Structures are given as C-alpha cells and as structure tokens.
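Notes to accompany the following structure.
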There are 2 protein chains.
Amino acid sequence: MDKNNRSSTYVLKQAKLSNTKIRKSILEFLMENHGPFSIDEIHKQIFDCDYATVYRCIKKFEECAIVSRCDFGDNISRYEYKDLNHHHHHIICRSCHKISTVEYCFLKEMEKMLTDQGYKDVSHALEFFGICQECQN
Amino acid sequence: MDKNNRSSTYVLKQAKLSNTKIRKSILEFLMENHGPFSIDEIHKQIFDCDYATVYRCIKKFEECAIVSRCDFGDNISRYEYKDLNHHHHHIICRSCHKISTVEYCFLKEMEKMLTDQGYKDVSHALEFFGICQECQN
DNA sequence: GTTTTTGCAAATTGTTTGCAGACCA
DNA sequence: TGGTCTGCAAACAATTTGCAAAAAC
C-alpha cells in the first residue's frame, strides 16, 4: 500500500501491466521500502529472479511512471516508487554514500538547511526533462 | 579562454595538472564549446587519442573541479566545463535528447518558463550532495 | 489458445586497469 | 633523469538481447 492506499495489484492494473508474481514482488518491495534502490539491491530482495527480469520489470515500471530513476553520480542507477503525494529530494554523502530524504523543496533554503543539519560542502545537481516543440508533432 | 579570460594552460596550472597536448586539447574543446558532451563526443574531437586517455583526463578534471558531470537518465555520462560565473541548468528533450541551457534558476518558475517556451510535460531531477557529519571526522 | 513474461546464456556497451614506451618538468 | 601520462590490449561491470519454456489473461 502506498500513501494513497493503493495496492501493488491496483497499481499494476492501472498501468495496464500484467500482474505476475515477480512484478508484484518487486513493486511491493519498492512500495514498502523507501529507496532509492539499485538493481542489485532489488534483485537481492526478490526470491529466485533473474537479473534480466529485474531490468525488464524496472524498465516497464519506469515507462509507466510507477518508479523514477535517480542518479547519484556513481554510475549506478537507483529506483524508487513514485509516490505522487510525496515529492522530495535526496541528500547523498559524498564520502559514505548514505542516502537521506530531503522533504523541503527550495534550492537555496534547502542547501542552507542541509548545512545547518551538519552536512559540509553541499552542492546540487538539477536537470529538467520535457518534450520539445519539434517532438510534439 | 573562459568568461574570466582564463586559458586552458592557466586552468591546468591552477589545478596542478601537467600540461600535456591531450589534456590541453580536451580542456580547450570543453572551454570553447558549450556542452555537456559525452566521452564519445569528446573522443571524436581529439585527434589521435585513446578512449582510456579521455576517461583518465576527464576523471582528473572532475576531481579538480574543472568539469562537472551531468546525468540525463540515459546511462551516458556527460561533462561540461565548470564556468564559475555561469551557473545554469539544462532542459533535455525526452524524445530527441536535444540539450538546451536554462539560465534562470528557481524550480517552479523555471518549469513554468519552460512550459511557456513550448516544452510539454516538464519534470525535473534534483539531488544534493555533501559530506555528512559522521564522515567529517 | 494466444500473448506476454521469464530464465538462461551470450552479446553489447561503458569504463577501468596493467604494463611498457613516450612525454613533461 | 625521475615521475607522470599515454596507447594498447585485456579485464570488468552494467545492461540488453534472442530464444525456448512457463505463466498470465
């Protein structure tokens, strides 16, 4: 269940994805645990499931906007369940790579807040994505 | 020359990196062209230079904060010269992957501005990086 | 019963490494 | 000259693909 009380089965149905044992397991893991998680971490959690399958499922989930991909600059893709009612960002330690959640959302203020919390040398990476005019036709 | 009139040789010296032909070429390419560029794109521009060398140079540049790495969610790392006087972000078309520069810097307003410019379905990815308290000791 | 998904193994792609020779200071 | 950088080839790691069997609808 997510914060809107939606079950994994419901979410899969909504996305028009077939409800297989493995998809259900992966989605449930992502819904119940606050990531983001690497493919490796997801694979470890799912009993008897091939890496290729994890990749394929996550790709589907991403296409259907069920999960979103995070990049923390270490060449490892991480994924988390896209809880629509819970917009947030992350703060990653450049040394130990611990991931924490940042609830607040204004750049300058956020950086100051993180500094106040004890983080040193805070920076950020921000990219926008959209469909450009040429591609809309 | 960058916006502060700094030459590639000067920038390398400042960073305490030796001034080799290849490093100079790569840095000049990055200073004169507004990226970000993939390793592949950089490699194409540098005459008679091995991929391994491009990777090694860029890694050095990144360590010395001469370039910064961008991730656009397609598993390709891109790099651009870190022009200190030119803080900006990017807008990437989810369809054709064209990269444009976003000069303005406030999230909501930026997204609105991009929509006004004709981009559809604009979203963003933002991550913070810092050194957490435990790692500061 | 047809379509979609999965496991397996192999291929592909992006990145890193060891080493000997070339280059820089 | 001594240390650093480079090219080459090989290693490695993350991701993707083809195909036949299994599961979903």
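Basis for what follows: all heavy atoms, side chains included, without hydrogens, waters or symmetry-related copies. Throughout, protein chains are lettered first and strands after them, A, B, ... in sequence-line order, and every chain is numbered starting at 1. No experiment lies behind these values; they were computed from the predicted model shown.
The side-chain heavy atoms of A:Y51 and A:I42, taken from C-beta on, include no pair separated by under 4.5 Å. At least one side-chain heavy atom of B:K24 sits less than 4.5 Å from a side-chain heavy atom of B:N19. Looking at heavy atoms from C-beta onward, B:F61 lies in side-chain contact with B:R23 at the 4.5 angstrom threshold.
Between A:I22 atom CD1 and C:dT5 atom C1' there is a gap of 9 Å when expressed in whole angstrom units. Distance, B:E62 CD to C:dT15 P: 11 Å, rounded to whole Å. Put simply, CD1 on A:I46 is 16 Å from C1' on C:dT5, counting in whole angstrom units. B:I58 has its CD1 atom 15 Å from the C1' atom of D:dC5, to the nearest Å. Whole-Å rounding puts the A:H43 NE2 to D:dT15 C1' distance at 14 Å. Per the geometry, CG belonging to A:N19 stands 21 Å off P belonging to D:dA22, to the nearest Å. Atom pair A:D48:CG and C:dC8:C1' shows a separation of 12 Å (rounding to whole Å applied). Whole-Å rounding puts the A:E41 CD to D:dA14 P distance at 12 Å.
Residues B:I76 and B:L17 each lie close to DNA chain C; by heavy-atom proximity, the contact nearer the 5' end of the strand is made by B:I76.
Considering all non-hydrogen atoms of both residues, B:M31 and B:R6 come closest at CE-O, 3.0 Å.
Regarding contacts with the backbone of D:dC5, a side-chain N or O of B:S18 is found under 4.0 angstrom from either OP1 or OP2. The phosphate of C:dT5 has OP1 or OP2 within less than 4.0 Å of a side-chain N or O from A:R23. The side chain of A:Y55 places an N or O atom within less than 4.0 Å of a non-bridging phosphate oxygen (OP1 or OP2) of D:dT15. Distances shown here put a side-chain N or O of B:T20 below 4.0 Å from the OP1 or OP2 atom of D:dT6. Phosphate contact (OP1/OP2 of C:dT5, side-chain N/O of A:T53, threshold under 4.0 Å): absent.
Candidate nucleotides C:dT6, D:dT16, C:dT16 were compared by shortest atom distance to the side chain of A:A52, and D:dT16 ranks first. The side chain of A:R56 lies closest to C:dC8, out of D:dG7, C:dT15, C:dC8. Of the candidates D:dT16, C:dC8, C:dT5, the closest approach to any side-chain atom of A:D50 belongs to C:dC8.
Atom OG of A:S38 and atom NZ of A:K44 lie 7.0 Å apart (nearest 0.5 Å).
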